[in-house]
Protein chains: 2
Amino acid sequence: MSVGIRHDDLRRRNRAMVISAVRRAGQPSRTEIAATTGLSHSTISAISADLIQEGILTESKASEPTALKRGRPQIGLALNPEAAAVLTVVLSLNFLSVAVIDYAGQVIAEEQRRLDTLVMPRDELIGECLAIVRRRLQDPDLDVGSVARIAMGIQGITDSHARAMLWSPITPLTDIPFADILEREFGIPATMENDCNMMAVALRWRDPERYRDNFIAILLSHGIGMGLVLKGELFTGTHSSGGEFGHMIHRPGGALCRCGRRGCVEAYAGNYAIWRSAMGISEDAAPTDVGDADMRALATKARQEDGPEREAYRRAGEALGFGLGSLFALIDPAPVAMVGVSAAAFDLIEPALREAIAQTAGGQHSNSISFDTEPNELPLIREGCAMRALTFVDQEIFAPGVQAKVGATGKNVA
Amino acid sequence: MSVGIRHDDLRRRNRAMVISAVRRAGQPSRTEIAATTGLSHSTISAISADLIQEGILTESKASEPTALKRGRPQIGLALNPEAAAVLTVVLSLNFLSVAVIDYAGQVIAEEQRRLDTLVMPRDELIGECLAIVRRRLQDPDLDVGSVARIAMGIQGITDSHARAMLWSPITPLTDIPFADILEREFGIPATMENDCNMMAVALRWRDPERYRDNFIAILLSHGIGMGLVLKGELFTGTHSSGGEFGHMIHRPGGALCRCGRRGCVEAYAGNYAIWRSAMGISEDAAPTDVGDADMRALATKARQEDGPEREAYRRAGEALGFGLGSLFALIDPAPVAMVGVSAAAFDLIEPALREAIAQTAGGQHSNSISFDTEPNELPLIREGCAMRALTFVDQEIFAPGVQAKVGATGKNVA
DNA sequence: AGTATTTTTTTGAGGCTCGAAAAAAAGCCT
DNA sequence: AGGCTTTTTTTCGAGCCTCAAAAAAATACT
């Protein structure tokens, strides 16, 4: 069942530790790394010498402020941008974007494209994704061999092993094993990630102070999604990407949801639900697409006067509040980031949300629960994919395989 | 942040692996352990020799069926029952029980006592717990020094570090740091565990086939509790023991719950809620204690005729079903064990539960979701505490500290 | 220029795991 | 019975890895 630790794992893991320390800290010195990893100076010295020799790290006499200190100046270690590259693919409603990112995390090329994802047949959708990736890989400026990993992000449900898209609101198609497709086509390891999970990953890199071990990223857009980090780990379901906060039940038998069921949180707080409610359309009406501009206009109207628009946001806040209350009953309160178009209307949502959450057992001390907003989800998703891919590369590069050293010790005496 | 692996950790962890392999497998041979841990025979041999020499394991020419096989017969390794002992304390409504368990997991002494937990003042409640433990420790048959750990289980919410009871339905008192109190009094490391978590731990030991990496244990009793195992790990909240399934919101603003809020799952499915509903008492009425016998009578009545009793169970099933649907939206479906008095009435609950769950996004393929029932929670809780304590001992004994070996190698030549 | 201070590298020692070979402990076969 | 086969367990040498201490390196201070 559980597996013992082999002797050679040790080096591999400690190399991983060093690389990740460098990625997190920017330009730490060896001494700094020794302090954060708890390993001895000699070990760090040996490992970083290897990594530099292998071209993964570089020395950079960085820190000018060090000039003030006494003693031998520290030598900063940095990731070698040319050590590898990764490619991110983000597929969202009617929109496909690709970026190439170097090992240090800088974008070195990108491309975007509009598609009619809702009506495209399977082959065409897959074909467009492959084509845009192929174009980036054929860029003469890019050393193709250096692309070590592809991370694809998509709105919707993916499987828990990050191999396939199981269901997505952007297309009627289901069960597309994008990771396998990309790997087969390009011979580059790939993963298929859930959009909200990537938002959470990105938030942690952007603001590790606030988003450290436990936090929640909620996407308030056409649908309602969630990325959840618990005890420092990205939470996933047992089979799927899980965390389908939007499909927790708010009112049994209530409003019609895009998923076909009734009473989901999303059926009250998704863009289409807010729109439906504001326009006085029946809760039984099929969800319709609402553009971002329309949603912004709706929010403006709601701010101007107390009418059905404001009431629609209030009801959205209520649904989100009770949903969060249930969630907090399970995992305890944690900082929340609201992302997406409707996050820009969070001022309209927050009062009812807080009122609702205060009525739940999970929402004890609801005043101490803090919300942050970020209206633009796409950059977050791409950043998350990039960091995820880079982290994978980190974990593979330091798995050095068996190094064949010339062992010429012919000891003949028994 | 993350910490590197030191060289000496390696042996410690592999010792842990061996001990846990023996605890799981019963009487495995060295070869068997090598297979399950993935370590080499020589390593297993060295480690088990140490463990035997230290009195933690014993050799037992066990397996008679081996007589049929050719070759050198396997030597079974077993836990030495005398290597240590642990003590479990289980505090539930009006009831306190203690057991002493040897290192192999056999109960060697126990004691039980009735108390009026609901009205006892703080000092008295703590005093009774200490007294009953002291009596067991003073048992002349017991080698006190061998008691290596105390695990206390309690109905209610504990903190995520298993140190204190934060809130419990069995007493109006809050925030009692039982773990610290026990440690201070007896000088033995202690933990304070949540009852439902211990149920889950016990289920996994009882039936590792069914309850392996992902499953849910739900307590259907006066209150509704949950123990959750995800990806092989016991799930806890970020601050508290978490997993308060009973206080997820079923109907916003609905029936009055024991926690003081409205509309919690428990306010429809707890014993008091079923009783209240069956008796036609208002949903706003304060929860009352209902005895187990009364609940059994209620179930009998409900089976006999289609009246308010049956309707009460139906409503309980509905609440549990929608609650599970929301839970499954977050974590995906998993096997469920229903534990407690009302688990014996699960036949009355199941139809409405399945109907409700089928109406949720989380309950897709609801037919494949399987339920098992176990009416008696106390034995499970005690077993769970015992295994938890023993596992802790496993993890401590193999942390050998620095063994002072006589290193008489005086190498003088530079 | 010499001293102090801090960082990095080198070196030797001690541990750990592994693979191969040897030893041990049976059953099987003639 | 005695030798052969089979399987398990132990032993042994080799190769790594980490650590602590010492040495070397690089700069500021006096």
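Letters A, B, ... mirror the listed sequences (proteins, then strands); counts begin at 1.
- Closest contact between the side chain of B:R11 and the listed nucleotides C:dC16, C:dG19, D:dT8 involves C:dC16.
- What separates CD1 of A:I47 from P of D:dC19 is a distance of 9 Å, to the nearest Å.
- Ion pairing of A:K231 with B:E233 is absent here, as no side-chain N (NZ or NE/NH1/NH2) approaches a carboxylate O to less than 4.0 Å.
- Using a cut-off of 4.0 Å between Lys/Arg side-chain N and Asp/Glu carboxylate O, B:E396 and B:R12 are scored as not salt-bridged.
- As a whole-Å value, the separation of A:R12 CZ from C:dC16 P is 21 Å.
- Between B:R70 and D:dT8 there is no side-chain N or O to OP1 or OP2 distance below 4.0 Å.
- Applying the salt bridge (charged side-chain N to carboxylate O under 4.0 Å, His left out) test to residues at least two apart or on different chains, the pairs with a partner in residues 383-393 of chain B are B:E193-B:R388, B:R206-B:E383.
- Among the heavy atoms of the strands lying under 4.0 Å from B:S45 is at least one base atom, whether or not backbone atoms are also near.
- Distance from the side chain of A:E59 is smallest to C:dT9 among D:dT9, D:dC19, C:dT9.
- Counting to the nearest Å, the C1' atom of C:dG19 and the CD1 atom of B:I44 are 15 Å from each other.
- As judged by a 4.0 angstrom heavy-atom cut-off over every strand, A:S42 is placed among the base-contacting residues.
- No donor-acceptor contact under 3.5 angstrom links the side chains of A:E82 and A:S146, judged on distance only.
- Of the side-chain N and O atoms in A:N14, one or more sit less than 4.0 angstrom from OP1 or OP2 of D:dT18.
- Judged as a side-chain hydrogen bond (donor to acceptor under 3.5 Å, both in side chains), and not counting sequence neighbours, the contacts of B:S40 are B:S42, B:T43.
- Summary of helix geometry: the two end axes of the helix from C:dA1-D:dT30 to C:dT30-D:dA1, each defined by five base pairs via their C1' atoms, are inclined to each other by 20° (rounded to 10°).
- Contact annotation: B:R30 side-chain N/O to D:dT10 OP1/OP2 distance is under 4.0 Å.
- Closest approach to the A:T31 side chain among C:dT8, C:dA25, C:dT17 is made by C:dT8 (side chain taken as heavy atoms from C-beta onward).
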